[in-house]
Structure formats: C-alpha cells, structure tokens
Amino acid sequence: MKIAVIGATGLVGQKMLQVLAERNLPIDELIVAASEKSVGKKIFFKEKEHTLVSIEDAIEERPDIAIFSAGAEVSLMYAKKFAEKGTYVIDNSSAWRKDKDIPLVVPEINAADISIGNHIIANPNCTTICMLMALAPLHKRYRAKRLVISTYQSVSGSGQKGLNQLACEQRGEVSDNPAYPCQIHENVIPHGGSFMENGYTAEEEKLVFETNKILHSDIAVTATVVRVPVYGGHSESINVEFEQQFDLNEVRDILSKSPGVVVYDDITENKYPTPMMAFDKDEVFVGRIRRDFSIDKGLNFWVVSDNIRKGAATNAVQIAEKYIELVEKGELEAYNA
C-alpha cells in the first residue's frame, strides 16, 4: 500500500503523520509532498527518514491514497490529477465540500456515502465535525429542527500563523504577519473567515451548509464564530430544537454509547469539558447537557474537541481506513486497478 501526504510539513500534515503512525495503517510506502521550497528536506515517520518530494512527483508515484492538507488552491489544482491516476483522494480543505458529486464524510456518521465512484472525498470543517459527532445520534432519535451555534475556536485553527501571532503578542511584541485583524492575546474576536454580503462569515456558512449535507437534512442553522486566545481545541455552545420530545436521561445514554463521544458532565463536581482536556485526543467531549426551557423540545449542550486531530487529521485517516476496509470487502475496486 502506497500512501501520500500532501502538505506534510504543515500543522495538520504533521499531525496526519502522527495519527497514521499511531493507528498503524498498513503502509508499505509513504510519500511525503510539500511546496517547492521544502522539496529535498527530510522528515521522519516511524523513526525512518523520508525525503520530501514535489506534488507533481507524488502524482507520478501513483499512490493508492493521497491525503491532502495543503489548502484549497492546491487541492483544486492537483486532487483530480491524482484521481485520474486511480488514487483515492481525501481532501482536508474547503475545495470540494460544496460539490454535490463529492461526499463530505465523518466516518462515524455517514461512511455509507463513500462509493465506488468517489475518488475524491472531502473532510468537513473542524467545527462541523466536533458538533455533529454529538448531534448526529440525537438527530437520528429526535430529528433536529433548528440549531443555534456559538463557537469558541482556538488559534491553531488558523494554522501556524495563528499560533505565531498569539505567542508573539504574549511576549509583548507586535506580529509582523498577523492571522487576525485584531490582537488575539487577552481578547476574543467574533470573526472567522471572510465576511460575506449577508453579514455572516465563511466559517459560519460552513456550519450551515456542511451540517445539512452530512446529515442529508434541511435543519435551520445559524452560527456565530468566535476566535479565542487558546492554542488548541475548539469549543461550541449548541442549542437545538427537536421535532420530537426527549428525555434527558435518554439523551445522556445515547451520547454515552456513541462512538468517539465522551460525556463529561457533572455540575455538582464542576465537571465539564475544556480545551485542555481534549488536547491531542480523538474523542469529542460533551457537557453542560440541559433542557432549554424557553422553547418546547429544546436542548443545550457544550462540545469540545482537538480541532487538529478529530477536526482534521484523525477524521481524514479514518476515511482512509474506511477505504481500505471497503476494498478488503470487495465493495470498492482495488487501488489503481
């Protein structure tokens, strides 16, 4: 098995390599690709040295699976070129998420959307993944009608640039290449992604669109994205109105039994999820579960996850695992057949 990681030197690309090693995928050959300025440099995977190659060279290697984390522009330029060679592409950018012919996949929720014709699979936005891991099993039982989402997103969601700005400002310095239009240290910024004509941001619009594409639903969704001075881990306050009445004990039971979800919720002991709890973990943590008494059939809950792991790298690797499983079952054609 030949697997390529495109954008291997970036924040998410490095985490993808870590997760690939941890989950011990059956990799016979690893191809690591990055921008031209990184070609020829060395990186380590499972204590073995690998040389970074160009994306063009990686295409010619005809990998079985290529996992992209190099931005939408690179994905739009190269993903189909890999697919034309028979490679299965898993893309972590926003490039293909809105394409009606390309599945947007969270394996625990809609792995069934992967089929023989899908040589490109899109990885959802990190906040969408975090929220839907908890919402999807509840939606299946009670049918969500409306969602109001407020996010509290760490600077790692802006890549190394965001991390650098926060670290710089904490030292009392002014960043010469800021990720945000305002200071982030000791501040919060109600702004994620570019503003659109309707007053919402691109990050907010992703939560609206991606939720319904993944769940195959028509839930009414509104969102406010906020950047907070936290290095890693995204948090979200979720208010959901269901079509069917629910029991809080059953809600907790459903969430407790959902793969990849951990209920951490005991207000008598001040137990609720925080970003520090989620650091470098794949689980999505849920707490502050309570009824919304302002509406009928309303529920509030709080979710936290490591946005670089489950919100990006791990979800992509899980999709790769699902591809491998489907091929082994004979449900997908063999690689490069």
Side-chain angles (χ1 to χ4, degrees), residues 1-10 12-17 19-21 23-43 45-46 48-105 107 111 113-124 312-337:
M1 161 127 358
K2 229 188 250 193
I3 291 184
V5 175
I6 313 301
T9 59
V12 174
Q14 293 176 54
K15 188 61 68 173
M16 285 174 172
L17 292 173
V19 174
L20 282 168
R23 297 177 77 94
N24 201 30
L25 268 70
I27 303 173
D28 298 307
E29 183 179 346
L30 177 70
I31 302 162
V32 285
S35 62
E36 290 295 336
K37 65 181 180 181
S38 296
V39 171
K41 293 181 180 178
K42 310 290 185 181
I43 62 174
F45 178 76
K46 289 189 173 181
K48 182 180 177 182
E49 190 177 70
H50 295 265
T51 302
L52 286 158
V53 301
S54 69
I55 301 176
E56 290 86 354
D57 286 344
I59 294 170
E60 294 308 311
E61 290 289 329
R62 298 173 65 90
D64 302 303
I65 296 173
I67 307 177
F68 272 68
S69 187
E73 186 177 343
V74 172
S75 296
L76 288 169
M77 188 178 299
Y78 292 108
K80 286 190 174 181
K81 292 182 179 180
F82 276 94
E84 288 165 1
K85 296 281 187 178
T87 299
Y88 289 107
V89 174
I90 302 162
D91 181 53
N92 191 55
S93 79
S94 61
W96 307 103
R97 291 173 185 163
K98 287 189 173 182
D99 191 310
K100 63 181 179 61
D101 297 320
I102 292 178
L104 185 65
V105 173
D113 287 352
I114 300 172
S115 70
I116 195 167
N118 303 137
H119 271 267
I120 300 177
I121 295 287
N123 214 32
T314 300
N315 199 75
V317 172
Q318 287 176 306
I319 294 172
E321 290 174 332
K322 180 57 66 172
Y323 268 135
I324 294 168
E325 176 189 326
L326 291 173
V327 170
E328 289 176 344
K329 288 181 177 178
E331 294 178 25
L332 283 181
E333 62 187 20
Y335 304 116
N336 295 325

In the structure I gave you, are the side-chain heavy atoms of [X] and [Y] within less than 4.5 Å of one another anywhere?
X	Y	answer
Lys85	Glu60	yes
Lys15	Val317	no
Gln318	Asn315	yes
Ile319	Pro107	yes
Ile324	Met1	yes
Val5	Phe45	no
Phe82	Ile120	no
Leu76	Trp96	yes

Closest contact, heavy atoms only, [X] versus [Y]:
X	Y	answer
Gly71	Ser93	C-CB, 3.6 Å
Val19	Ala313	CG2-CB, 4.3 Å
Ile90	Ala320	CD1-N, 3.4 Å
Asp113	Asn118	O-OD1, 3.1 Å
Ser94	Ala72	OG-CB, 3.9 Å
Ser69	Gly13	OG-N, 4.1 Å

Roughly how far, to the nearest 0.5 Å, is [atom2] of [Y] from [atom1] of [X]?
X	Y	atom1	atom2	result
Ile31	Glu61	CD1	CD	5.0 Å
Leu326	Ile114	CG	CD1	6.0 Å
Ser35	Ile6	OG	CD1	11.5 Å
Glu36	Ile55	CD	CD1	8.0 Å
Ile59	Lys80	CD1	NZ	14.0 Å
Thr9	Lys41	OG1	NZ	7.5 Å

Centre-to-centre under 6.0 Å for Tyr78 and Phe68, is that the case here? no
Sort out for me which residue in Leu30, Ile67, Val12 forms a side chain to side chain contact (heavy atoms under 4.5 Å, CB included) with Leu17. Leu30
Please evaluate residues Ile43 and Gln14 with respect to the criterion side chain to side chain contact (heavy atoms under 4.5 Å, CB included), reporting the C-alpha separation (whole Å), side-chain torsions for both, the decisive distance (0.1 Å), and the verdict. CA-CA 10 Å; Ile43 62 174; Gln14 293 176 54; over 6 Å; no
Is the backbone N or O of [Y] less than 3.5 Å from a side-chain atom of [X], with the two atoms forming a donor-acceptor pair by type?
X	Y	result
Asp64	Lys2	yes
His119	Thr87	yes
Asp57	Ala33	no
Arg97	Asn92	yes

May I ask you to check whether over 12 heavy atoms, not counting those of Glu73, lie within 6.0 Å of atom CD? no
Take a 6.0 Å sphere around NZ of Lys37 and say whether it holds more than 12 heavy atoms from other residues, nucleotides or ligands. no
Give a yes or no on whether a salt bridge exists between Glu325 and Lys329, defined as a side-chain N under 4.0 angstrom from a carboxylate O. yes
